[in-house]
Amino acid sequence: MAEFTFMEQQMLIQGLTDQQKVLFSGQFASERRDRTLIFVLSVIFGYLGVDRFMVGDIGFGVLKLLTFGGCGILWLIDLFLIWARVDDYNRRKASEILTTIKMTTPGASPANVQT
């Protein structure tokens, strides 16, 4: 999948109030993962599953940890796949934060919540 861009993020928060946008920006900034950092971690510590733990793939991270990156095979495959996993993680977190903000903000109706 393509990179989770700033424009895609802006399209997600379209229609929110200024207060909701500030809440979203603050929470997303603390939850998002940087593609380059995760890639560097994948190169250095990928055989231990650190990259997968960082993007929420706990089961696959444990598998890589116990098998030392599948004897290097899973580590090598993840060098090519980790960018997309980071983007999926960021999209998922943005959607979760957006849903939470819409549900907990006073005056928001459940009919306006998109998942």
Side-chain angles (χ1 to χ4, degrees):
M1 244 191 172
E3 182 179 357
F4 184 61
T5 62
F6 179 74
M7 291 303 294
E8 188 177 349
Q9 180 181 339
Q10 292 302 309
M11 288 175 52
L12 275 176
I13 64 173
Q14 191 174 20
L16 295 179
T17 65
D18 289 338
Q19 180 185 13
Q20 289 173 325
K21 287 179 183 179
V22 169
L23 283 172
F24 176 83
S25 296
Q27 288 180 348
F28 184 66
S30 68
E31 294 283 334
R32 72 177 291 279
R33 300 289 189 248
D34 181 43
R35 297 173 87 207
T36 306
L37 174 65
I38 299 298
F39 180 74
V40 170
L41 287 174
S42 185
V43 169
I44 298 171
F45 299 112
Y47 67 95
L48 296 174
V50 172
D51 52 347
R52 289 296 184 136
F53 287 121
M54 293 290 293
V55 295
D57 292 338
I58 305 302
F60 207 82
V62 169
L63 175 68
K64 285 177 69 175
L65 178 64
L66 295 177
T67 63
F68 293 105
C71 296
I73 296 169
L74 297 175
W75 171 79
L76 184 62
I77 291 170
D78 265 353
L79 290 180
F80 297 99
L81 298 179
I82 199 65
W83 295 90
R85 301 297 298 168
V86 172
D87 293 331
D88 290 342
Y89 174 86
N90 286 335
R91 280 188 187 91
R92 189 172 57 246
K93 280 298 178 183
S95 294
E96 289 173 8
I97 292 168
L98 188 62
T99 302
T100 303
I101 287 173
K102 286 183 176 181
M103 298 279 285
T104 58
T105 304
S109 67
N112 293 336
V113 176
Q114 297 174 355
T115 55

Student: What distance separates M11 CE from Q9 CD, expressed to the nearest 0.5 Å?
Tutor: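 Separation between the atoms: 12.0 Å.
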Student: Return the minimal non-hydrogen interatomic distance between I82 and F39, and the atom names on each side.
Tutor: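 In terms of heavy atoms, the two residues are closest at CG2-CD1, 4.0 Å.
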Student: If you compare all heavy atoms of L98 against all heavy atoms of L12, which two are closest, and at what distance to 0.1 Å?
Tutor: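 Scanning both residues completely, I find the closest heavy atoms to be CD2-O, 3.5 Å.
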Student: Could you check if a side-chain atom of R52 sits within less than 4.5 angstrom of a side-chain atom of R85, using non-hydrogen atoms only?
Tutor: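 Yes, at least one pair of side-chain atoms sits under 4.5 Å.
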Student: For the residue pair D34 and V86, what are the closest heavy atoms and their distance?
Tutor: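 Distance-wise, the nearest heavy atoms are C-CG1, 4.3 Å.
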Student: Would a hydrophobic clustering, with Ile, Leu, Val, Met, Phe, Trp and Tyr connected at side-chain separations under 4.5 Å, put M54 with L63?
Tutor: no
Student: Between F60 and L74, what is the shortest heavy-atom contact and its length?
Tutor: CZ-CD2, 3.9 Å
Student: Should F45 and D51 count as side-chain neighbours, where that means a heavy-atom distance under 4.5 Å?
Tutor: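 The answer is no, as the side chains (C-beta and beyond) never meet within the 4.5 Å cut-off.
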Student: Write down the atom of S42, the atom of W75, and the distance for their closest heavy-atom approach.
Tutor: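 Closest approach of S42 to W75: O-NE1, 2.8 Å.
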Student: Is any side-chain heavy atom of D87 closer than 4.5 Å to a side-chain heavy atom of R35?
Tutor: yes
Student: Write down the atom of N90, the atom of F4, and the distance for their closest heavy-atom approach.
Tutor: CB-CD2, 3.9 Å
Student: Counting C-beta onward and ignoring hydrogens, is there a side-chain heavy-atom pair between Y47 and K64 closer than 4.5 Å?
Tutor: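 SC-SC contact between Y47 and K64 ruled out.
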Student: What's the separation between atom CZ in R91 and atom CD in E96, rounded to the nearest 0.5 Å?
Tutor: 14.0 Å
Student: Nearest 0.5 Å please: distance from the CD1 atom of I13 over to the CD1 atom of I101.
Tutor: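 These two atoms lie 9.0 Å from each other.
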